[in-house]
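Written out below as structure tokens is the structure these notes cover.
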Number of protein chains: 2
Amino acid sequence: MLSSSDNSYIHKKVISIGTVCELTGLSERQIRYYEERELIFPKRSNKGNRKYSFSDVEALMDIANKMEDGLQTSDLRKEITSKRLGEQKSESKEQMIRGQLNAYFKRRQ
Amino acid sequence: MLSSSDNSYIHKKVISIGTVCELTGLSERQIRYYEERELIFPKRSNKGNRKYSFSDVEALMDIANKMEDGLQTSDLRKEITSKRLGEQKSESKEQMIRGQLNAYFKRRQ
DNA sequence: CGTGTAAGGAATTCTGACACG
DNA sequence: CGTGTAAGGAATTCTGACACG
């Protein structure tokens, strides 16, 4: 029971950051920052250029949505960790609620 | 009955030429030349950079093999056209034989 | 015919830092 | 905390052309 399908190409790291920006609507700054916070893990080419897979792109779109909902990168980091431990359901429910509350108060400002 | 599978990502043109070189072992020059001969059709980014799909990469590896077998780009061009017309079998058989003969004589030189 | 290469320019990407808040 | 930006450098990509054969 895998969450992401194992189509030969989805995990190949071949897309450079500019193209990822176009696909996700995120800025380079945001994408690099999410890497710094260990939410995504691009490969590096010989000369040091970041290379992303389609699954990275999917992950980034998910991250973008959750950030909009008011979650913090630390929340998303925990989510990734707890996914590994199989405790996803209860954890993410809390975070979903917290995010929605955050978003609510942001709009009220 | 499609020859290439329709996995969401295989046809997305997101790979830049340098990465295609790494994936195929071909030079930039060769890849651009095969485009000039209308064997592949990359997209262009806003600023004019070529973007290839995984299916383009597969096509290039096929092209590379056939060029090694002694076929010419014009042969491969015909092959593509005849594929569209559904006359693939007889045509490609001739070309295969021609290619093998060419390769044979090349080695004899 | 198919491919290498030098040429010059334009666009891409990288890092570390300052800024705001 | 998350993101924008200016800075300077290095690597990428592009086109048109000459070369060999």
Side-chain angles (χ1 to χ4, degrees), chain A residues 13-52 56 60-79 95 98-99 101-103 105-106 109, chain B residues 13-52 56 60-79 95 98-99 101-103 105-106 109:
Chain A
K13 311 242 179 193
V14 296
I15 312 176
S16 45
I17 196 164
T19 304
V20 175
C21 292
E22 290 177 10
L23 293 173
T24 61
L26 296 168
S27 67
E28 293 188 15
R29 185 68 167 96
Q30 289 175 304
I31 294 170
R32 294 201 192 100
Y33 181 65
Y34 299 150
E35 174 183 1
E36 189 186 318
R37 303 311 313 273
E38 303 183 86
L39 304 181
I40 43 167
F41 307 92
K43 250 184 42 183
R44 294 292 184 125
S45 71
N46 290 333
K47 303 296 180 51
N49 285 21
R50 274 168 264 250
K51 294 297 172 188
Y52 302 85
D56 290 328
L60 281 167
M61 297 180 87
D62 197 48
I63 291 169
N65 283 329
K66 291 184 174 155
M67 292 299 287
E68 268 183 36
D69 287 348
L71 292 183
Q72 300 196 325
T73 57
S74 56
D75 298 323
L76 302 184
R77 185 83 262 285
K78 283 178 204 156
E79 215 171 284
Q95 287 166 6
R98 178 144 40 116
L101 286 172
N102 287 346
F105 287 119
K106 265 191 188 167
Q109 279 167 10
Chain B
K13 311 242 177 191
V14 296
I15 313 176
S16 44
I17 196 163
T19 305
V20 174
C21 290
E22 289 177 12
L23 293 173
T24 61
L26 295 169
S27 68
E28 294 188 13
R29 184 68 168 96
Q30 289 175 304
I31 294 169
R32 295 202 192 100
Y33 182 65
Y34 299 151
E35 175 183 0
E36 189 185 318
R37 303 310 313 272
E38 303 183 86
L39 304 180
I40 45 166
F41 307 92
K43 248 184 43 183
R44 293 292 182 126
S45 73
N46 289 333
K47 304 296 179 52
N49 285 19
R50 273 169 265 249
K51 295 297 173 189
Y52 302 84
D56 290 329
L60 281 167
M61 298 179 86
D62 196 48
I63 290 168
N65 284 328
K66 291 185 173 155
M67 292 299 288
E68 269 183 36
D69 287 348
L71 292 184
Q72 300 196 324
T73 56
S74 55
D75 298 323
L76 302 184
R77 184 83 263 281
K78 283 178 204 156
E79 214 170 283
Q95 287 165 9
R98 178 143 41 115
L101 286 173
N102 286 346
F105 287 119
K106 265 191 187 166
Q109 278 166 10

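Heavy-atom basis, side chains included; hydrogens, waters and symmetry copies ignored. Since we're looking at a predicted model, the values are computed, not measured. Here is the naming used below: chain letters follow the sequence lines, and residue numbers restart at 1 for every chain.
In this structure, B:Val20 and B:Asp56 have side chains that are not in contact, with every pair of non-hydrogen atoms separated by 4.5 Å or more. With contacts defined as side-chain heavy-atom distances shorter than 4.5 Å, the pair A:Lys51/A:Ile15 does not qualify. Side-chain contact check for B:Lys78 versus B:Asp75: some heavy-atom pair is nearer than 4.5 Å.
Of all nucleotides present, only D:dA17 satisfies the Watson-Crick or G-U wobble test against C:dT5, with each distance under 3.5 Å.
Panel note: side chain B:Arg77, backbone B:Glu38; a donor-acceptor pair is recorded below 3.5 Å.
Applying side chain to side chain contact (heavy atoms under 4.5 Å, CB included) to A:Leu39 and the options A:Glu36, A:Arg37, A:Glu35 leaves one that passes, A:Arg37.
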For each nucleotide in nucleotides 2-15 of chain D, reading 5' to 3', give B when a protein heavy atom comes within less than 4.0 Å of its base, S when such contact involves only the sugar-phosphate, and - otherwise. BBBB-----SSSSB
